[in-house]
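See structure below.
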Protein chains: 2
Amino acid sequence: MFEQFRNKFPLDDSKWNEYTSYFKRLEVPAKTILLEEGEISKRLFIIEKGCIRVWFNNNGKDLTTQFFFENQNVASIESFVKKLPSPVFIETIEPAVLWWIHKSDIDIILEEIKEIPELRDQFIDKIFQRTFDYIRHFVSFIKDSPVQRYLNLIEENPQIVQRVPQHYIASYLGISTVHLSRIKSKLLQRK
Amino acid sequence: MFEQFRNKFPLDDSKWNEYTSYFKRLEVPAKTILLEEGEISKRLFIIEKGCIRVWFNNNGKDLTTQFFFENQNVASIESFVKKLPSPVFIETIEPAVLWWIHKSDIDIILEEIKEIPELRDQFIDKIFQRTFDYIRHFVSFIKDSPVQRYLNLIEENPQIVQRVPQHYIASYLGISTVHLSRIKSKLLQRK
DNA sequence: TTCATTTAATAACAAATGTTATCGTCTGCC
DNA sequence: GGCAGACGATAACATTTGTTATTAAATGAA
């Protein structure tokens, strides 16, 4: 699982082995809740196989805010970083193989990593990049119509359209399931 | 201008004086464009007095994405960090007194600061916090109705409602000027 | 002050989107 | 194989929101 990342980290083998040994493997069925709303996020997950959504309950309806797939890492980020109750659920969509690491272990790794300029800068870049991604996502919400957002999704994130049930996608796009269904059928007519 | 921040930075006076000397004062009228769309953002602004908006042109209509007030700092963040053309304009709303620092000077300061654990962690916290703020803002967009978003704005950011022309606020809320006007009059009726 | 410009309110109408309900299909499980 | 539950399409209708046009008020510059 971790070999593919090996060359990204200028660490000697003993450190590398120590760090990877912190991760535990976890196999779960579809619709498994990995983090409850209100719980403090203490585990960071890396997805070996499967797909995960982040969502929250809004007046009885669930709103999905993010999807994650193979090789991505998932946590309720503010809860994880600041030890606050999570505003969201984290739940598998498909049966999944995951690796997770405890917050306290990550903290140990980070303290050490922050002393190595190259890795520290890599870490800072990652946080920045995450911010930029959120900004992009946000801007597309105020800029694009639902139809355009759906077309963007097909273009930029085909995995979501292919692997995720449609009603989750609808709430991710900020529209009702009925409306998404209408959008799809109108797009089909044009072809 | 900078004395108020002095105690936040564990630096000796010589470093402090060097760093603050990088900043230049700038006084501009209302509706001054500080950064053009397409331009690479090379200046970070700190607002001593006045108010600024960040916006972009979407099919002939301008969409405002952010407002900034006294003591906040402003740049087209991804453009500034990655030296890419800015997708947005930065423009004063009121006559303003600003202090700005060149990207190359910030880079010098950051390189030094990253070696001081306390300041480095402060910097990392700032980036995280910015991300969390974007997430919050984004979530309120998919979660709340325009009426609720307007009420939140009054509650959480009264400065915006008080100092910013209403048509900018409308686009910031993701609605038309007419709709915002309707919302206001309906809220007045209820009282 | 005066005039042009900007800003905000409102009405009338159009378009987009949500809601509820129904039906058919698919899927996983016993 | 059959059944319950999940999923998606569609229709009918309701509500929200946008568009365009008009008017009035506020603002700023000469």
Side-chain angles (χ1 to χ4, degrees), chain A residues 28-33 50-51 53 55 58-64 67 91-96 140-151 153-154 160-191, chain B residues 28-33 50-51 53 55 58-64 67 91-96 140-151 153-154 160-191:
Chain A
V28 293
K31 302 206 179 192
T32 303
I33 295 204
C51 123
R53 73 185 180 114
W55 63 278
N58 192 41
N59 301 324
K61 298 187 176 166
D62 59 294
L63 283 179
T64 298
F67 298 107
E91 183 180 343
T92 55
I93 293 176
E94 303 171 352
S140 109
F141 243 83
I142 50 178
K143 178 182 169 181
D144 298 324
S145 68
V147 176
Q148 190 57 52
R149 288 206 294 282
Y150 181 63
L151 292 171
L153 198 66
I154 295 174
I160 294 181
V161 183
Q162 285 151 15
R163 293 171 65 178
V164 172
Q166 196 167 309
H167 57 291
Y168 295 155
I169 298 179
S171 83
Y172 179 77
L173 292 174
I175 60 180
S176 67
T177 56
V178 177
H179 192 44
L180 177 53
S181 191
R182 278 194 287 238
I183 287 172
K184 283 180 67 178
S185 76
K186 279 203 182 166
L187 288 173
L188 280 175
Q189 279 172 35
R190 288 195 197 156
K191 288 180 187 168
Chain B
V28 293
K31 302 206 177 191
T32 304
I33 295 205
C51 125
R53 72 183 180 116
W55 62 280
N58 192 40
N59 300 325
K61 298 188 176 164
D62 61 294
L63 284 179
T64 298
F67 298 108
E91 183 179 343
T92 56
I93 293 176
E94 303 171 352
S140 108
F141 244 83
I142 51 177
K143 178 181 169 183
D144 298 324
S145 67
V147 176
Q148 191 56 53
R149 287 206 295 280
Y150 180 63
L151 291 171
L153 198 66
I154 294 172
I160 293 181
V161 183
Q162 286 151 13
R163 294 171 65 177
V164 172
Q166 196 167 307
H167 56 292
Y168 296 155
I169 298 179
S171 83
Y172 179 75
L173 293 174
I175 60 181
S176 67
T177 56
V178 176
H179 192 45
L180 176 53
S181 191
R182 278 194 288 236
I183 287 173
K184 283 181 68 179
S185 77
K186 280 203 180 167
L187 288 174
L188 281 176
Q189 280 173 33
R190 289 195 196 157
K191 287 178 188 170

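Note on naming: letters A, B, ... go to the chains in the order of the sequence lines (proteins, then strands), and numbering restarts at 1 for each one. In this text the structure is predicted, and so the values were computed from the model without any measurement.
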* Walk me through it: do B:Val161 and B:Tyr150 pass the test side chain to side chain contact (heavy atoms under 4.5 Å, CB included)? => CA-CA 9 Å; B:Val161 183; B:Tyr150 180 63; 4.0 Å; yes
* Can you check whether B:Asn58 reaches A:Ile142 side chain to side chain, under 4.5 Å on heavy atoms? ->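 Sidechains of A:Ile142 and B:Asn58: no contact.
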* Any side-chain heavy atom of A:Pro146 sitting closer than 4.5 Å to one from A:His179? ->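 Yes, at least one pair of side-chain atoms sits under 4.5 Å.
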[X] side, atom [atom1]; [Y] side, atom [atom2] - distance, nearest 0.5 Å:
{"X": "B:Leu153", "Y": "B:Tyr172", "atom1": "CG", "atom2": "OH", "value": "6.0 Å"}
{"X": "A:Ile169", "Y": "A:Lys184", "atom1": "CD1", "atom2": "NZ", "value": "7.5 Å"}
{"X": "A:Glu91", "Y": "A:Asp62", "atom1": "CD", "atom2": "CG", "value": "8.0 Å"}

* Look at the side chain of A:Thr92 and the backbone N and O of A:Thr32, then say whether any donor-acceptor pair between them is shorter than 3.5 Å. =>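 Yes, A:Thr92 side chain to A:Thr32 backbone: donor-acceptor pair under 3.5 Å.
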Taking every non-hydrogen atom, the tightest pair across [X] and [Y]:
{"X": "A:Thr64", "Y": "A:Ser171", "result": "N-OG, 2.8 Å"}
{"X": "B:Leu63", "Y": "A:Lys143", "result": "CD1-CA, 4.1 Å"}
{"X": "B:Leu173", "Y": "B:Leu180", "result": "CD1-CD1, 4.1 Å"}

* Asked: First and last nucleotide of DNA chain D in contact with chain A, 5' to 3', at under 4.0 Å to a heavy atom: what are they?
  ->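 The footprint of chain A covers D:dA6 to D:dA12.
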* Asked: Just by protein heavy atoms under 4.0 Å, how would nucleotides 16-29 of chain C read 5' to 3' in B, S and -?
  -> -SBBB---------
* **Close residues, residues 160-168 of chain B, relative to DNA chain D [heavy-atom separation under 4.0 Å]** =>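 Heavy-atom cutoff 4.0 Å gives no residues at all.
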* To do: Check whether any side-chain N or O of B:Lys184 sits under 4.0 Å from OP1 or OP2 of C:dA9, and answer yes or no.
  =>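 For B:Lys184, the contact criterion (side-chain N or O under 4.0 Å from OP1 or OP2 of C:dA9) is met.
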